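For reference, the structure I am asking about is given below.
Values reported hereafter were calculated over all heavy atoms of this structure, with side chains retained and with hydrogens, waters and symmetry mates removed. Sequence lines set the chain letters: A, B, ... in the order given, protein chains first and strands last, and positions in each chain run from 1. Keep in mind the model is a prediction, meaning the values are calculated, not measured.
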Amino acid sequence: MELILDFLSRFLVQFQSPALAFLVGGMLLAAFRSKLEIPDAIYQFCVFMLLMRIGLEGGLEIRDAELADMLLPAIIAVVVGCAIVLVGSLVLSRLPGVKTDDAIATSGLFGAVSASTLAAAMVMLEEQAVTFEAWVPALYPFMDIPALIVAIVLANLYLARKKEGAKAKTRIWPIITSSLRGSALSALLLGLALGLFTRPEIVYEGFYDPLFRGLLSVLMLTMGMEAYTRLNELRKVAHWYAVYATFAPLVHGLIAFGLGYVAHVLTGFSPGGVILLAVMAGSSSDISGPPTLRAAIPSANPSAYIGSSTSVGTPVAIAVGIPLYVALAQAVFGL
Amino acid sequence: MELILDFLSRFLVQFQSPALAFLVGGMLLAAFRSKLEIPDAIYQFCVFMLLMRIGLEGGLEIRDAELADMLLPAIIAVVVGCAIVLVGSLVLSRLPGVKTDDAIATSGLFGAVSASTLAAAMVMLEEQAVTFEAWVPALYPFMDIPALIVAIVLANLYLARKKEGAKAKTRIWPIITSSLRGSALSALLLGLALGLFTRPEIVYEGFYDPLFRGLLSVLMLTMGMEAYTRLNELRKVAHWYAVYATFAPLVHGLIAFGLGYVAHVLTGFSPGGVILLAVMAGSSSDISGPPTLRAAIPSANPSAYIGSSTSVGTPVAIAVGIPLYVALAQAVFGL
Amino acid sequence: MELILDFLSRFLVQFQSPALAFLVGGMLLAAFRSKLEIPDAIYQFCVFMLLMRIGLEGGLEIRDAELADMLLPAIIAVVVGCAIVLVGSLVLSRLPGVKTDDAIATSGLFGAVSASTLAAAMVMLEEQAVTFEAWVPALYPFMDIPALIVAIVLANLYLARKKEGAKAKTRIWPIITSSLRGSALSALLLGLALGLFTRPEIVYEGFYDPLFRGLLSVLMLTMGMEAYTRLNELRKVAHWYAVYATFAPLVHGLIAFGLGYVAHVLTGFSPGGVILLAVMAGSSSDISGPPTLRAAIPSANPSAYIGSSTSVGTPVAIAVGIPLYVALAQAVFGL
Amino acid sequence: MTFKAAKVVIITEKVILEQVAQIIEAMGATGYTVFAAGGKGSRGVRAAGRAAVVDGFSNVQIEVITATHDTAEKIAVEVADRFFQNYSGITYLEDVEILRSHKF
Amino acid sequence: MTFKAAKVVIITEKVILEQVAQIIEAMGATGYTVFAAGGKGSRGVRAAGRAAVVDGFSNVQIEVITATHDTAEKIAVEVADRFFQNYSGITYLEDVEILRSHKF
Amino acid sequence: MTFKAAKVVIITEKVILEQVAQIIEAMGATGYTVFAAGGKGSRGVRAAGRAAVVDGFSNVQIEVITATHDTAEKIAVEVADRFFQNYSGITYLEDVEILRSHKF
Ligand SMILES: Nc1ncnc2c1ncn2[C@@H]1O[C@H](COP(=O)(O)O)[C@@H](O)[C@H]1O
Ligand SMILES: Nc1ncnc2c1ncn2[C@@H]1O[C@H](COP(=O)(O)O)[C@@H](O)[C@H]1O
Ligand SMILES: Nc1ncnc2c1ncn2[C@@H]1O[C@H](COP(=O)(O)O)[C@@H](O)[C@H]1O
Ligand code: NA
Ligand code: NA
Ligand code: NA
């Protein structure tokens with residue numbers, strides 16, 4: 001009982017964190033139909049800065065890391081990413097009113113990773129002084145790309161079967177390159193490479209890192225506004241999407257938390273790392289995922305998958321998921 | 001005599017303050033027809049950052065403030081805002097070549113408040129180490145909204161009388177909500193709420209506050225360029241607008257200074273607070289006011305009110321008004 | 001032999017400097033057809049901030065400088081700027097497949113100065129703790145404007161002779177004012193004026209200076225992407241442009257280095273100043289130069305001069321030129 | 001095979017975009033497209049893109065495809081009547097051809 | 001003297017701009033012009049300029065001048081057939097006049 | 001009731017926008033509207049919105065409504081003659097209908 005109360009109080013405290021507060025603030029602004037707009041150029045720049053910061057730090061840290069330590073978490077990332085899509089597609093497509101290709105695209109988006117959710121978690125861990133291996137955020141593509149690939153392959157198999165005869169083979173390589181070329185992964189990987197091979201410490205410490213938290217608050221505000229605005233997309237599709245979008249992030253996060261815990265026991269993976277793994281699994285892609293899926297699974301209805309992800313999935317992943325995993329870690333690892 | 005000289009020298013020193021310097025610089029650039037442009041996205045972001053910073057600080061400080069202390073200054077703000085519009089409309093509309101609805105819209109804009117003028121004053125007070133209650137900038141809406149409401153109601157009464165029969169009732173509530181929804185007040189109020197109810201100290205201190213002065217300099221530059229560019233709007237309308245725009249800011253500021261002095265004597269309102277009250281009264285709205293009036297008083301000529309406010313009113317309010325009130329306060333309160 | 005090895009190792013170390021690293025990173029991104037885009041508004045803002053920073057510092061420092069010290073370097077700047085265009089036009093226009101007006105425009109661009117290349121050099125000198133007179137970057141217009149004027153006058157003479165009869169006199173004054181009005185020189189000169197005549201220390205130290213390096217990294221990334229993207233412009237024109245664009249920056253830089261060395265011997269011009277003079281000479285204008293030339297020499301093919309400058313000239317000037325002059329200075333001046 | 005249809009173009013101040021859109025929808029159009037625009041007319045120059053301290057005064061161009069010339073004209077007349085005395089703006093019509101597959 | 005030519009206008013999602021451009025070029029058009037656009041249609045509202053967390057879903061308007069009405073129609077039909085079942089978008093044609101000096 | 005009028009459309013480099021505007025005004029047009037545009041033509045691709053290190057080379061589309069077809073054609077011919085040898089660009093005309101209330 002005390003444990004639960006303790007858990008709840010820890011949970012609530014985190015709601016005052018700037019990342020969450022700005023997210024909720026953005027939703028309120030949109031709900032009150034405020035005319036405040038964050039210009040698109042600013043939003044894109046915030047995203048770039050965040051991914052560059054995550055990439056640079058990852059690159060700088062991987063230099064000194066034992067590559068072997070990364071192996072198990074990386075495998076978990078790949079497995080979780082694929083599993084979310086496979087299981088999600090199966091479950092969702094059985095639900096009444098849900099088209100199979102929409103189900104696949106939606107679970108693809110939930111299997112992929114949101115850089116801004118990840119950044120919010122990193123900032124909140126810092127606030128709580130929970131440490132993690134600095135290369136953990138660099139596991140992002142290990143979960144993101146496989147999830148998108150599985151979704152696109154599944155959708156193609158499904159569509160091919162529907163049309164019979166037309167057995168258009170799905171080529172995996174173009175999906176990978178198109179993911180890597182997306183603005184989010186490009187920025188992250190460029191940051192990683194610069195961190196690994198050059199000496200960017202001076203701009204990292206004087207620019208990318210100090211602006212990180214502030215720009216994240218602007219980003220969260222924007223995402224809150226967008227989440228509310230896109231809610232009516234969700235009204236156009238079956239109610240089951242809202243149900244899936246509410247629970248899937250937490251289920252995914254908890255599964256990844258469990259597997260992360262195994263890695264903790266086996267290889268000493270840090271509690272902070274376990275939390276971030278859960279956050280990645282619980283997040284759903286907001287920047288690169290949607291256009292990738294839109295181009296690769298044209299028949300899927302974007303109102304279904306973007307509505308689910310942006311309006312419900314992401315707010316739940318950030319506002320419920322992150323505090324949940326942190327509180328859980330505090331209980332489990334006695335932080 | 002010595003007093004006057006002393007006053008003048010204090011006055012001139014403040015002209016080297018970055019806020020004023022960038023404002024004048026912007027006017028010079030436009031005068032020399034420079035091709036330098038500050039992109040709109042950057043300008044909007046600067047405005048957002050400034051209002052967020054003012055709001056956050058206000059919210060953080062109101063927590064510990066005696067609400068009772070705010071009462072008298074808030075009442076003064078409301079009274080001054082309304083009085084400026086009522087008296088201004090009466091005076092202006094009597095002048096030759098001035099249409100009544102243009103007069104009402106113009107004095108409405110001069111009754112409302114400019115966030116950037118306010119920010120410039122805050123920065124200049126800091127430079128002079130003049131302190132003020134941190135909640136004073138949060139009085140902004142108490143002067144801004146009533147002024148706009150009075151102007152819109154006046155204009156509607158006037159137009160209804162002109163058309164006779166058509167006694168379209170003016171509803172006050174839509175005017176208030178439309179003001180609150182405007183980008184400026186939205187950002188300010190969101191900041192206030194976040195400051196009051198959450199823990200944004202870390203982004204306030206690491207992002208919004210340190211960038212405040214620098215972004216203000218960019219804003220002042222932009223406003224200087226716009227002021228010069230819009231001067232020719234003013235050439236299209238009666239000369240009386242130029243006269244009004246030159247003197248009204250100072251008259252308004254001095255009246256508010258006087259009332260603020262009363263509050264100082266009665267309730268210990270700080271000298272810095274008195275100055276800021278004068279600055280708000282002397283300023284004329286540049287962001288939210290114009291579109292609000294344009295939509296609500298369509299028959300008023302925007303060349304008249306925007307020309308007056310942006311090209312003459314704002315530069316006078318910043319470059320003459322702020323130094324004037326500071327020098328006056330130094331003389332009156334012996335700072 | 002040891003000298004050469006030493007030189008080479010110094011040379012290579014500088015490749016890890018963030019400025020170079022981001023430039024190369026941008027080229028790689030474009031080569032891999034990444035979808036990452038830096039919004040135009042952000043790019044323009046970076047340019048503004050950089051030039052403002054350079055101008056402000058120059059202005060703040062010129063106050064205390066001996067104007068006489070500036071004389072010789074300023075004369076060298078003018079002479080080098082003009083000589084590059086005169087000699088370059090002569091040489092280039094003799095090459096097969098090169099039209100005379102294209103040759104003039106191209107050498108005009110290489111005679112003019114790139115603010116971002118200059119900024120990259122300033123940052124790299126700081127990293128190496130090489131000092132220079134703070135007014136040196138303010139010599140920029142002394143080389144930039146004369147080079148553009150010479151190019152435009154030459155082109156007009158050439159075109160007038162071609163058409164005979166039509167002896168349209170070229171007026172110099174409009175070329176100067178149009179250069180000064182361009183966004184780059186406007187920002188620089190405004191910064192200079194503000195630094196000289198007002199007290200902008202507080203925004204310089206709290207905003208323009210600390211953001212300098214970081215924004216430069218964003219700028220270098222953008223320039224890298226643009227350099228690669230514009231390579232195919234170069235494929236449309238004679239190969240000699242690529243040859244010129246590869247060698248001219250280094251030749252120009254070395255000539256200026258030599259003349260700077262003379263100034264060092266005669267008047268004690270600092271080694272850092274000599275390097276920056278070489279960098280300016282070696283750089284080719286990327287912001288203001290192209291539109292100025294496009295408007296003033298309409299018949300010249302922009303694929304020729306922009307292709308040469310942006311795709312080859314600038315990367316060579318930054319990635320080979322700067323390290324070269326630094327390494328040379330270390331050898332010559334024993335830094 | 002294509003079919004005749006009409007297009008009405010409205011260039012006016014951004015500040016009344018929402019109100020114009022309401023008229024368009026009330027007249028039964030199936031949609032509209034909006035562009036940011038600068039321009040010069042009888043009431044002065046309007047820039048786009050450049051920082052505008054005074055927001056809402058840049059131009060928008062609104063284009064509506066309608067099935068009949070009549071609807072297009074009605075929209076044009078209504079917008080002009082309601083707004084162009086107080087707000088700056090112009091409107092005009094064009095003939096267009098649409099594909100059979102589309103309904104407007 | 002001017003000559004008759006045709007214009008095809010396509011308004012659709014930014015995410016397929018490249019694919020549409022390929023069709024246009026494959027049909028032999030000499031070029032095309034692209035505008036950022038917002039709008040409202042059967043598939044909801046699309047903003048432009050405002051921060052879009054989900055990129056690629058704002059509208060683009062693509063205009064192509066072709067020498068013959070036939071080419072214009074072919075482009076319109078091909079784009080509509082290939083994309084408008086899955087992507088939101090409309091297309092229409094207009095008559096235009098070009099100067100002799102230009103070849104399209 | 002509507003009246004016949006003409007529209008001239010000019011797509012060219014931003015760098016000469018001011019000069020083109022001067023021609024338009026000199027020909028007696030009452031105004032013009034300007035859009036930022038990207039595009040592809042005989043002289044390569046031009047992006048819009050994306051950071052352009054080399055400014056001034058993106059496209060603008062300028063549209064002018066004129067009372068008579070003749071004025072429109074004159075503007076088109078003059079712009080083409082003066083600029084399109086050295087600058088990239090195209091121009092074309094369209095028929096439009098204007099409302100009686102407007103004077104162009
Ligand atoms: N003759 C014209 N051709 C094209 N656009 C025009 C014309 N006249 C006006 N406009 C556009 O309509 C806007 C408002 O016009 P006005 O109300 O005359 O100031 C201008 O800013 C232009 O964008
Ligand atoms: N009747 C119309 N007139 C003008 N533009 C339209 C119309 N219908 C649709 N559009 C444009 O085409 C886009 C896609 O339309 P839809 O596929 O119907 O959602 C919309 O966002 C509008 O920009
Ligand atoms: N056939 C065409 N249809 C539409 N726009 C075109 C066409 N050809 C050229 N353009 C536009 O005109 C600009 C300049 O064309 P050009 O001078 O051929 O490079 C291009 O960037 C396009 O925006
Ligand atoms: Na996920
Ligand atoms: Na006021
Ligand atoms: Na040079």
Side-chain angles (χ1 to χ4, degrees), chain A residues 12-46 49-50 53 119-120 122-129 206-222 224-225 228 319 323, chain B residues 38-53 55-56 59-60 63 115 174 176-212 214-215 287-292 294-295:
Chain A
L12 282 177
V13 160
Q14 300 178 53
F15 249 81
Q16 299 197 311
S17 155
L20 293 201
F22 276 84
L23 180 79
V24 175
M27 295 173 77
L28 290 176
L29 278 188
F32 286 122
R33 286 194 283 138
S34 154
K35 295 224 169 91
L36 181 70
E37 288 184 359
I38 303 295
D40 199 38
I42 299 299
Y43 171 76
Q44 282 182 42
F45 183 62
C46 290
M49 291 287 293
L50 251 64
R53 148 73 171 71
M122 290 166 66
V123 159
M124 286 172 69
L125 288 189
E126 213 184 288
E127 281 166 25
Q128 316 262 331
F207 186 68
Y208 293 97
D209 188 47
L211 290 177
F212 186 56
R213 284 165 171 284
L215 292 176
L216 180 68
S217 73
V218 178
L219 208 64
M220 287 289 127
L221 187 71
T222 316
M225 295 197 276
Y228 188 89
Chain B
I38 303 294
D40 198 38
I42 300 298
Y43 172 76
Q44 282 183 40
F45 183 62
C46 291
V47 170
F48 165 78
M49 292 287 294
L50 250 63
L51 286 157
M52 205 61 183
R53 149 71 171 71
L56 283 174
L60 288 168
R63 283 192 200 169
I176 296 180
T177 53
S178 121
S179 283
L180 293 174
R181 272 180 199 140
S183 54
L185 279 181
S186 293
L188 184 80
L189 293 175
L190 177 65
L192 265 176
L194 291 174
L196 262 175
F197 302 121
T198 73
R199 302 240 147 264
E201 285 85 350
I202 208 163
V203 290
Y204 173 76
E205 280 154 26
F207 185 68
Y208 292 97
D209 188 48
L211 291 176
F212 186 57
L215 292 176
I287 300 160
S288 299
T292 303
R294 187 82 182 105

Atom pair NZ/OG of A:Lys35 and B:Ser178 - distance to nearest 0.5 Å
5.5 Å
Can you tell me how far the OH atom of B:Tyr204 sits from the OG atom of A:Ser217, to the nearest 0.5 Å?
13.5 Å
Side chains of B:Ile202 and A:Pro18: does their closest heavy-atom pair fall under 4.5 Å?
yes
May I have the step-by-step check of side chain to side chain contact (heavy atoms under 4.5 Å, CB included) for A:Phe32 and B:Leu180, ending in yes or no?
CA-CA 9 Å; A:Phe32 286 122; B:Leu180 293 174; over 6 Å; no
Using heavy-atom distances under 4.5 Å, tell me whether B:Leu211 contacts chain A through its side chain, its backbone, both, or neither.
side chain
A:Phe45 CZ to B:Phe45 CZ distance, which is reported to the nearest 0.5 Å:
8.5 Å
For the student: nearest non-hydrogen atoms of A:Glu37 and B:Gln44, plus distance:
O-OE1, 3.8 Å
Go through the atoms of B:Phe197 and report whether side chain, backbone, both or neither lie under 4.5 Å from a heavy atom of chain A.
backbone
Are A:Leu221 and B:Phe48 close enough that some pair of their side-chain heavy atoms sits under 4.5 Å apart?
yes
Give me the atom names and distance for the closest heavy-atom approach of A:Arg213 to B:Val203.
O-CG1, 3.8 Å
Toward chain B, the part of A:Val218 with a non-hydrogen atom under 4.5 Å
both
Listed by chain and number, what are the side-chain contact (heavy atoms from CB on, under 4.5 Å) partners of B:Arg199, not counting sequence neighbours?
A:Gln16, B:Arg63, B:Glu201
Partner residues of A:Arg33 under the side-chain contact (heavy atoms from CB on, under 4.5 Å) criterion, sequence neighbours left out:
B:Arg181
Best-contacting candidate, A:Leu215, A:Leu28, A:Ile42, against chain B by heavy atom pairs under 4.5 angstrom:
A:Ile42
Considering all heavy atoms of both residues, which atom of B:Ala187 and which atom of A:Leu36 are nearest to each other, and what is their separation?
CB-CD1, 4.2 Å
Can you see which heavy atom on A:Ala21 is nearest to which on B:Leu194, and at what distance?
O-CD2, 3.5 Å
Taking every heavy atom of A:Ala41 against every heavy atom of B:Ala41, the minimum-distance pair comes out as CB-CB, 3.9 Å
